[in-house]
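Have a look at the structure below, then the notes.
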Amino acid sequence: MRRPRGTRDLFGEELARIRHVERVILDIFRRYGYQEVETPVFESLELFTKKSGSSIVDQIYAFKDKSGRELALRPELTAPVVRLYNEHLRSSPKPLKLFYLGHCFRYERPQIGRGRYRQFLQAGCEIIGSSRPEADAEVVALTAEIVEELGIKKCELRLGNVRLLREVLKRAGVSETEQDPIMRAIDSRDEIRLQAELDRWGIEEEDKKLLKSLISLRGGEKVLEDVRELIQGLPEATKALEKTKSIIDRLKWFGVHKFSIDFGISRGLEYYTDFVFELYSGGIQLGGGGRYDNLIELLGGEPCPAVGVGLGVDRIADALERHGVETPEDRLDCMVLPTTDEIIGEALRIAGELRRAGFSADVDLMGRSLSKGLSYANSRKAKFAVVVGPRDLKVGKVTIRKMKSGEQERVDRKRLTEFLSLG
RNA sequence: GCCAGGGUGGUGUAAUGGUAACAUUCGGGCCUGUGGAGCCCGCGUCCCGGGUUCGAAUCCCGGCCCUGGCCCCA
């Protein structure tokens, strides 16, 4: 028996790294005042098709249950959280700030080297009810704080706004849904593919040029001035640009100064309406988010603005490894080693005392000789070995050996935990 | 899902039609209260299913899985 394609077994350092990333992310969400929510791993298939269209069904683990209900393993968590909001929290004081951590599933070709798995762990947060730029800025600031606290240096934050491109396409006579293939072509950064899409919809030369200029303008804040001139004739796009500017102002007040602006970000088929952003490291996307002011209504709620971010925990952990960032390791405090079989009872009692005192302690369960036992303690990376034998016990003592240095000391059996507490 | 290249003990590799090998890990011994070494012993392997052949880990076909690219995305 083997595990299914695109899944993985986690253990050792890799799992420790993932747990570390989880702890940092969840801690930052709490520090920013978010509250945790949890939704089921499977939902109605409809929840996801409503958001992204039926074409994504072949990228979803979809199935019928025994009574014929169309269900799906969640491919992402924004839609489920919005559903939860609509079902239980619609009358909570706004803004409602929620965070989540959970596994998601996508039926795609796995590419481990790029951190793409069929089961992956996603963490994220949503601010529901605020349309103000502070809210957009907050989710970006918190994302930046996460990578900073984790110690990932080579990270890139890209900010954009899909409204600009969509307004240009609207003027060119392309309807909202027809815009999706073009937006995806833009997202792919493939000029030939984009050209083909633009030709297919018969876009005027002037608009084509405008689109291509918007996409090619990337970089620092001065891009905003260039863009302003390009979109002069489009009042809605100009409004979106002004809003993007005020988000950036607030982002700087949050203390984030390292970012680039890129109006070519389109975030695939997601239902983003305005501001969007992405987090990259070494060409791999670690996370992304943006504003989705229509989704809550689309899923059956009262119209309500919202903004959020999703983060790929596995990918962030992989990035941590690539950057050689050390993560704290969980070491065993004590290995208790009886010198003879007759003394096992006492060894077990000592281990119990250590555990009740809060230390991690293990007793050799293989009947090893002391020599092998110490070797085992070493391979288990124990900080201390506690040698328990009749010679010491006769005078009420045990021997504590510091594994790293080999120093040892005979201490009062009764004062063992006290001794270890002092390091 | 599509295209290309791969799959040998837990891990890393060798043998390329004729008895599956080496290193490491793991367990034991040398070693009856002091480790990481050494020597010795032991456990453990040809992805699965068909076909060709006297004989297949090896050649052929199909599947599964892995790696890279496409699509798509966290």
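In the text below, chain A, chain B and the rest are named by the order of the sequence lines, each starting its count at 1. Worth saying up front: this structure is predicted, and the values here are computed from it rather than measured. Just so you know, these numbers use all the heavy atoms, side chains as well, and skip hydrogens, waters and symmetry mates.
Rounded to the nearest Å, the gap between the C1' atom of rC43(B) and that of rG29(B) is 15 Å. Comparing rU25(B) with rG6(B), their P atoms are spaced 32 Å from each other, to the whole Å. Using P as the reference atom, rG10(B) and rU45(B) are 7 Å apart when rounded to the nearest Å. Using atom C1' as the reference point in both rA15(B) and rU8(B), the two lie 10 Å apart (nearest Å). With C1' as the reference atom, rC60(B) and rA20(B) are 23 Å apart, rounded to whole Å. Atom P of rA14(B) sits at a distance of 24 Å from the matching atom of rA56(B), rounded to the whole Å. Here the separation of rU58(B) from rG9(B), taken at their P atoms, is 14 Å to the nearest Å. For rU32(B) and rG36(B), the C1' atoms lie 22 Å apart once the distance is rounded to whole Å.
Looking at K252(A) and E221(A), a side-chain N of the basic residue comes within less than 4.0 Å of a carboxylate O on the acidic one, giving a salt bridge. With respect to the salt-bridge test (charged N to carboxylate O, under 4.0 angstrom), the residues D27(A) and R23(A) do not qualify.
Base engagement by T399(A) is indicated by at least one non-hydrogen atom pair under 4.0 Å involving a base atom. Note on P110(A): nothing from the nucleic acid sits closer than 4.0 angstrom, heavy atoms only. Within the nucleic acid shown, D392(A) comes within 4.0 Å of at least one base atom, counting heavy atoms only. Note on G6(A): only backbone sugar-phosphate atoms sit closer than 4.0 angstrom, heavy atoms only; bases stay farther off. At the heavy-atom level, I316(A) lies nowhere under 4.0 Å from the strands shown. At the heavy-atom level, G113(A) lies under 4.0 Å from the strands shown only through sugar-phosphate atoms. Among the atoms of the strands shown, only primed sugar atoms or phosphate atoms (P, OP1, OP2) are found under 4.0 Å from some heavy atom of R368(A).
The CD atom of Q111(A) sits 10 Å away from the C1' atom of rC72(B) (whole-angstrom rounding). Put simply, CE on M366(A) is 14 Å from C1' on rG29(B), counting in whole angstrom units. In this structure, CE of M183(A) is placed 12 Å from P of rC73(B), rounded to the nearest angstrom. Rounded to an integer number of Å, the gap from CG of L73(A) to C1' of rA74(B) is 16 Å. In this structure, the CD1 atom of I112(A) is 5 Å from the P atom of rU67(B), given to the nearest Å. Distance CG (L337(A)) to C1' (rU32(B)): 16 Å, rounded to an integer number of Å. Rounded to an integer number of Å, the gap from OH of Y376(A) to C1' of rU34(B) is 18 Å. Summarising the geometry, the separation between CZ on F277(A) and P on rC73(B) is reported as 17 Å, rounded to the nearest angstrom.
For residues 100-137 of chain A, the set of pairs meeting the ring-ring contact (aromatic ring centres under 6.0 Å, His included) definition, not counting sequence neighbours, comprises Y61(A)-Y107(A).
Across residues 278-294 of chain A, Q285(A), L286(A), G287(A) each have a non-hydrogen atom less than 4.0 Å from an atom of RNA chain B (numbered order).
Using N1 to N3 plus N6-O4 or O6-N4 for Watson-Crick, or N1-O2 and O6-N3 for G-U wobble, each under 3.5 Å, rU67(B) pairs with rA4(B). Applying the Watson-Crick and G-U wobble criteria (two distances, each under 3.5 Å), rU19(B) pairs with nothing in any strand. Across the strands present, rC43(B) finds no partner; the criterion is a Watson-Crick or G-U wobble pair with both atom distances under 3.5 angstrom. Base pairing of rG33(B): no nucleotide in any strand meets the Watson-Crick or G-U wobble criterion (both distances under 3.5 Å).
Take R331(A) and apply the side chain to side chain donor-acceptor pair (under 3.5 Å) test, not counting sequence neighbours, and it matches no residue. With sequence neighbours excluded, the residues that form a side chain to side chain contact (heavy atoms under 4.5 Å, CB included) with D333(A) are F359(A), S360(A), K383(A). Shown here are the side chain to side chain donor-acceptor pair (under 3.5 Å) partners of R74(A), two or more places apart in sequence or in another chain: T39(A). Looking at residues two or more places apart in sequence or on another chain, you find a side chain to side chain contact (heavy atoms under 4.5 Å, CB included) between E14(A) and R8(A), L10(A), R17(A), D318(A). When the ring pair (Phe, Tyr, Trp, His ring centres under 6.0 Å) test is applied to Y376(A), no partner is found at least two apart in sequence or on another chain. Applying the side chain to side chain donor-acceptor pair (under 3.5 Å) rule to T339(A) yields no partners; only residues at least two apart in sequence or on another chain are considered. Residues satisfying the side chain to side chain contact (heavy atoms under 4.5 Å, CB included) test with S369(A), not counting sequence neighbours, are S371(A), K372(A). Partners of E409(A) according to the side chain to side chain donor-acceptor pair (under 3.5 Å) rule, which considers only residues two or more places apart in sequence or in another chain, do not exist here.
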Interface polar pairs with nucleotides 36-46 of chain B, N/O, under 3.5 angstrom:
unit_1: rG36(B); atom_1: N2; unit_2: N378(A); atom_2: OD1; d: 2.1
unit_1: rG36(B); atom_1: N2; unit_2: N378(A); atom_2: ND2; d: 3.1
unit_1: rG36(B); atom_1: N3; unit_2: N378(A); atom_2: OD1; d: 3.2
unit_1: rG36(B); atom_1: N3; unit_2: N378(A); atom_2: ND2; d: 2.8

Hey, what are the protein-to-nucleotides 1-12 of chain B N/O distances that come in under 3.5 Å?
unit_1: rG1(B); atom_1: OP1; unit_2: Y107(A); atom_2: OH; d: 3.0

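Residue V387(A) places its side chain closer to rG33(B) than to any other of rG33(B), rA74(B), rC71(B). Taking only side-chain atoms of Q59(A), from C-beta outward, the nucleotide of rA74(B), rC72(B), rC70(B) with the closest atom is rC72(B).
Residue Q408(A) places none of its side-chain N or O atoms closer than 4.0 Å to OP1 or OP2 of rU34(B).
The residue among R114(A) and Q122(A) whose nearest nucleotide of RNA chain B lies closer to the 5′ end is R114(A).
Aromatic pair Y34(A)/F99(A): centroids not less than 6.0 angstrom apart.
Considering E407(A), R401(A), K402(A) as possible partners of S405(A), the one that fulfils the side chain to side chain donor-acceptor pair (under 3.5 Å) test is E407(A).
Taking CG of L393(A) as the reference point, atom OG1 of T399(A) lies at 9.5 Å (rounded to 0.5 Å).
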